[in-house]
Amino acid sequence: MNTYLNTLNEAQKQAVIQKDGPMIIIAGAGSGKTRVLTYRIAHLMQQGVDSFNILSLTFTNKAAKEMKARIAGVVGASEAKNLWMGTFHSVFARILRSEADKLGFPSNFTIYDTQDSVRLITAIIKEMNLDKERYKAKQILGRISSFKNSLITVRAYFNNSDLQEADLHASRPKVGDIYKEYVDRCFKSGAMDFDDLLLRTNELLARFPEVLAKYQSRFKYIMVDEYQDTNHSQYIIVRSLADKFENICVVGDDSQSIYSFRGANIQNILNFQKDYPDVKTFKLEQNYRSTKNIVNAANSVIARNKTKLDKEVWTSNDDGDAINVMRTISDGEEGRFVAQSIWENQINHQLTSDSFCILYRTNSQSRAIEDALRKKGIDYKIYGGISFYQRKEIKDILSYLRILINPNDEEAFKRIINYPARGIGATTIDKLTIAANHYKKSIFEIVRYIDKIDISINSGTKNKLQNFMNMMLRLQIESQTKNAFEIAEIVVKQAQLIKDLEKEGTPESVSKVENVQELLNGIKDFITDKIEQGEEASLTTFLEDVALATDFDANKDDDKPSVSLMTIHQSKGLEYMYVYIVGLEENLFPSAMSMNTRSELEEERRLFYVALTRAEKVAYLTYAQTRYRWGKLVDAEPSRFLEEIDDQYLQYLTPKAINPIINNFVDKSIFDDAPKGIRFQKPIQRKKMDRDLVKKKEIVIPKNMKKVSQTSAKTNLFDENVVVGNIVEHNRFGTGEVLSLEGSGPNKKAEIKFGTVGKKKLLLQFAKLRVIG
DNA sequence: GATGCCAACTTTTTT
DNA sequence: AGTTGGCATC
């Protein structure tokens, strides 16, 4: 018993065994935070705390799942099952469902994603006849979102002259009216957006003392991970729930607070000690993840931030390699460098692709990297960007399912009323919306009782509407006796969704059909999973999962090893042996939108800190001199963050082939008779810092560059110039002899006799052969 | 009301 | 560069 305690260091152990009262664990990057949290929960349970009384809030659903699994390993699966564990959004969505009637919501309320919210606001702005240039839907949503996250309700807004004045000043006097209409329409649709899941929870706890008391007594022990990234709304929920027992344990690292753009308030963690004067503070400062070089380099950068808690991250790991800095002429070249480097590191160190991760500031940067990886034949997995569930064909099907559960869901209804096309156009939908607002009913009900109301729609269109409604009502009845998968299948068939796509016959529509198929499979998997775990497998839970799922949750891990690509934000909490941070350029990282204030810049710096501390062994920092942005080639300057790292931890790689731009255009030999001393350098010295970097460090021969430079010097090692008789090496088949060649250009094939698998005919452009003799 | 073409916008990060 | 929405035309 308690053997797990012996695997912890002293600081970790103290944090694990501290049972009661408020406590804060300040956990440096890579300091075993998850382990401490996991063991702390397991320890509580071993001390006799009922799992039902423990609430643990994590940052992602994936983190919750993994922690639950690890706890189950210590205390047993059946014990771990009752733990309340998940993201703020999913835990409180669950609570809201069971208390929904108190707030006037149906228990199967819809969760609007950002897309739904933007569409609704767009519609409202249009209905109110406002100038959509002045009232940009996305911006208005952002404003409403920040109101909600600061617990400023519509009423509070209209009671707050400062806020109204600010909007007036910004020439947007109608923001409050839009806000009000938006909230009303969500309510009428039985829908909550992401921020509502927190705001409405606060409403529930504030307005119904008996509900608050119930959950206060239930959650005797509360733990909050990534506390530095909680917003005010989340903060108040936690404070209210913990108010009875004050057994509140928050974990976080102020140096990794990177979500202020969505309302996260770093003050929550900085002020925790003020909130609870008798707080016990624990600091986890030993880093187990990274080399000394990486830890020290990261420290040297974050030291420049002014607002932070006092802590010192250190490691007893090896020094490791210096951090590699690479400049390329373009973003395309940057991608090729990364791909080449990964390829070589894989070979040289016998690593699989899953040891590598490529991090970038913005999703749009992935394209150039992807191209390069694909050309090199390196498997990769990309997280983020447009999630599967956001695709049009998928959202359309989900909208059908949403309507079956909650017919009042306005956004879903508007999506499908004319999809597939059934002759119901914008004019009709406008009329229906007006009627719906007038009668204070949902559009669904208006259509359902279209005969009973006074509305100027011609009989042909009315007929179409009734046909549609009849189908929906039929589906509704069927859905009551079927499981989520069966319903989805019937919907796809009844609404002729696949048929509609197949009719198109374009390559895009073919892939859409595949996506629909994948969705159906996904629902099937979901159901089997849930049934196996003895959990609820209803359509409601499926749709909730979909709405709150992150990209990580959606991805299956059983694929073949692949390089991970993601934004830095998504990389929080993860670690990889090799990390490539690309696009280290001014206006990109730090972002041009985040350089106006000191605090914005500090957040960008924390972001860089997060990126660098993902690396266990080796880190590469790359930047390009030119980059395509908005379809245009623009010049780029190296990021200030490169300068901010203490020089002693860096080594600069600047291969000759890439360096002088002019050499790509002019054959140098034509100037062979020119006077000595002529410089083939660009005369304009734009990149001041860049020159300095090169001047200072060029002579240093990078420690681990030996292998790299060897191979990159002989580029023909990897290309298609093999001849009969060559001994070649193939990634999977090993070594073999080239027996014959046929075809030319992209179709050039080689017949090779491998020792392991015998004779093979391979297309050279894909085979990636290395000539070794 | 549907279709197809052009203009405008995009790219900061996400539950 | 790629996507989306608006507008003209059928």
Side-chain angles (χ1 to χ4, degrees), chain A residues 57-64 86-93 111-115 117-119 122 126 132-133 136-138 141-142 145 148-149 192-198 226 229-231 233-234 257-264 331 359-368 371 383-387 389-392 418 420-430 457-458 460-461 464 508 544-553 566-572 583 587-596 600 603-604 606-608 610-611 627-634:
Chain A
L57 296 165
T58 56
F59 200 70
T60 63
N61 293 307
K62 192 189 178 203
T87 61
F88 273 90
H89 290 86
S90 57
V91 166
F92 295 115
I111 297 171
Y112 273 180
D113 65 15
T114 308
Q115 206 183 1
S117 300
V118 170
R119 286 168 78 120
T122 308
K126 202 169 165 192
K132 66 177 187 216
E133 295 303 312
K136 296 235 167 89
K138 268 190 192 159
L141 178 63
S145 172
K148 288 183 176 176
N149 287 328
M192 296 198 197
D193 66 17
F194 289 134
D195 306 315
D196 285 333
L197 295 176
L198 307 174
E226 308 284 7
D229 280 323
T230 51
N231 61 37
S233 190
Q234 292 167 321
S257 169
I258 54 174
Y259 279 96
S260 72
F261 71 91
R262 68 172 211 218
D331 49 352
L359 300 176
Y360 34 78
R361 180 65 178 82
T362 66
N363 280 305
S364 61
Q365 287 168 258
S366 71
R367 184 178 298 269
D371 287 348
Y383 297 90
I386 303 171
S387 110
Y389 297 113
Q390 310 265 6
R391 289 164 202 241
K392 185 182 177 302
N418 195 32
R422 47 176 76 87
I424 302 166
T427 320
T428 308
I429 295 173
D430 283 350
I457 289 177
N458 68 47
T461 310
K464 290 172 187 163
E508 294 84 49
E544 181 174 311
D545 251 45
V546 165
L548 299 178
T550 59
D551 233 43
F552 284 107
D553 309 318
M566 67 190 83
T567 64
I568 299 164
H569 282 88
Q570 297 195 72
S571 75
K572 188 156 86 163
N587 296 320
L588 181 60
F589 192 20
S591 158
M593 334 276 285
S594 306
M595 298 202 296
N596 302 319
E600 280 179 340
E603 176 147 321
E604 292 286 307
R606 290 193 294 269
L607 197 53
F608 181 63
V610 168
R627 176 175 298 278
Y628 276 98
R629 290 183 97 173
W630 308 282
K632 271 202 180 125
L633 195 63
V634 293

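In what follows, every chain begins at residue 1, and chains take the letters A, B, ... in the order their sequences are listed.
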- Message: Side-chain N or O of T567(A) versus OP1/OP2 of dT14(B): is the shortest distance under 4.0 Å?
- Response: yes
Between the protein and nucleotides 2-7 of chain B, which nitrogen or oxygen pairs come in under 3.5 angstrom?
{"unit_1": "dA2(B)", "atom_1": "OP1", "unit_2": "G423(A)", "atom_2": "N", "d": "3.1"}

- Message: Tell me the interatomic distance from K132(A), atom NZ, to dC9(B), atom P, rounded to whole angstroms.
- Response: 10 Å
- Message: Judged by each residue's nearest nucleotide on DNA chain B, which is more toward the 5′ side, R629(A) or H89(A)?
- Response: R629(A)
- Message: Can you see if the side chain of Q365(A) gets near the phosphate of dT11(B) - specifically, an N or O under 4.0 Å from OP1 or OP2?
- Response: no
- Taking atom P of dT14(B) as reference, at what distance in whole Å does atom CZ of F194(A) sit? 12 Å
- Message: For dT10(B) and K138(A) - does any side-chain N or O of the residue sit under 4.0 Å from the phosphate oxygens OP1/OP2?
- Response: no
- Under 3.5 Å: donor-acceptor pair, side chain of N418(A), backbone of G423(A): yes
- Message: If you compare every side-chain N and O of S90(A) against the phosphate oxygens of dT15(B) (OP1, OP2), does one of them come in below 4.0 Å?
- Response: no
- Length of the line joining K62(A):NZ and dT14(B):P, which is rounded to integer Å: 15 Å
- Task: State whether the aromatic ring of F261(A) stacks on the base of dT13(B), taking stacking to mean ring centres under 5.5 Å apart and ring planes under 30° to each other.
- Result: yes
- Message: With a 4.0 Å limit, can you tell me whether N363(A) has a side-chain N or O closer than that to the phosphate oxygens OP1/OP2 of dT10(B)?
- Response: no
- Message: Closest approach to the side chain of M593(A), judged atom by atom: which nucleotide of dT12(B), dT10(B), dG1(B) is it?
- Response: dT12(B)
- Taken to the nearest whole Å, CZ/F589(A) to P/dT11(B) is 19 Å
- Task: Specify the separation, in whole Å, of atom CG of L197(A) and atom P of dT15(B).
- Result: 13 Å
- Message: Rounding to an integer number of angstrom, what distance separates dT13(B) and dT4(C) when you compare their P atoms?
- Response: 16 Å
- Residue R367(A), side-chain heavy atoms: nucleotide from dG2(C), dT10(B), dT14(B) that is nearest: dG2(C)
- Query: Across the strands shown, which category fits S594(A) at heavy-atom distances under 4.0 angstrom: base, sugar-phosphate, nothing?
  - Reply: base
- Task: Return the value, rounded to whole Å, for the distance between atom CZ of R119(A) and atom P of dG5(C).
- Result: 8 Å
- Query: What does K464(A) touch in the nucleic acid at a heavy-atom separation under 4.0 angstrom: a base, only the sugar-phosphate, or nothing?
  - Reply: nothing
- Taking dG1(B), dT10(B), dT13(B) as options, the one with an atom nearest any side-chain atom of T428(A) is dG1(B)
- Item | Spacing of Q234(A) atom CD and L197(A) atom CG [to the nearest 0.5 Å] | 10.5 Å
- Query: Would a distance-only check, ignoring hydrogens and angles, find a side-chain to backbone donor-acceptor pair under 3.5 Å from E603(A) to S260(A)?
  - Reply: yes
- Message: Determine whether a donor-acceptor pair (N or O, by modelled atom type, separation under 3.5 Å) exists between the side chain of Q365(A) and the backbone of R361(A).
- Response: yes
- For R606(A) and dT12(B), what is the distance between atoms CZ and P respectively, to the nearest whole Å? 19 Å
- Rounded interatomic separation in angstrom, taking NZ from K136(A) and P from dG5(C): 15 Å
- Query: Where the side chain of R606(A) meets the backbone of S257(A), is there a donor-acceptor pair that is under 3.5 Å apart?
  - Reply: yes
- Before accepting this row, confirm whether a basic side-chain N of the pair D193(A)/K148(A) lies closer than 4.0 Å to the acidic partner's carboxylate O. yes
- Message: Ring centres under 6.0 Å, that's the criterion: do F59(A) and Y259(A) meet it?
- Response: yes
- Please determine, for the side chain of T427(A), which listed nucleotide (dT11(B), dG1(B), dT15(B)) has the closest atom? dG1(B)
- Query: Any donor-acceptor pair under 3.5 Å linking the side chain of N363(A) with the backbone of T567(A)?
  - Reply: no
- Query: Could a donor-acceptor pair under 3.5 angstrom be found where the side chain of R262(A) meets the base of dT15(B)?
  - Reply: no
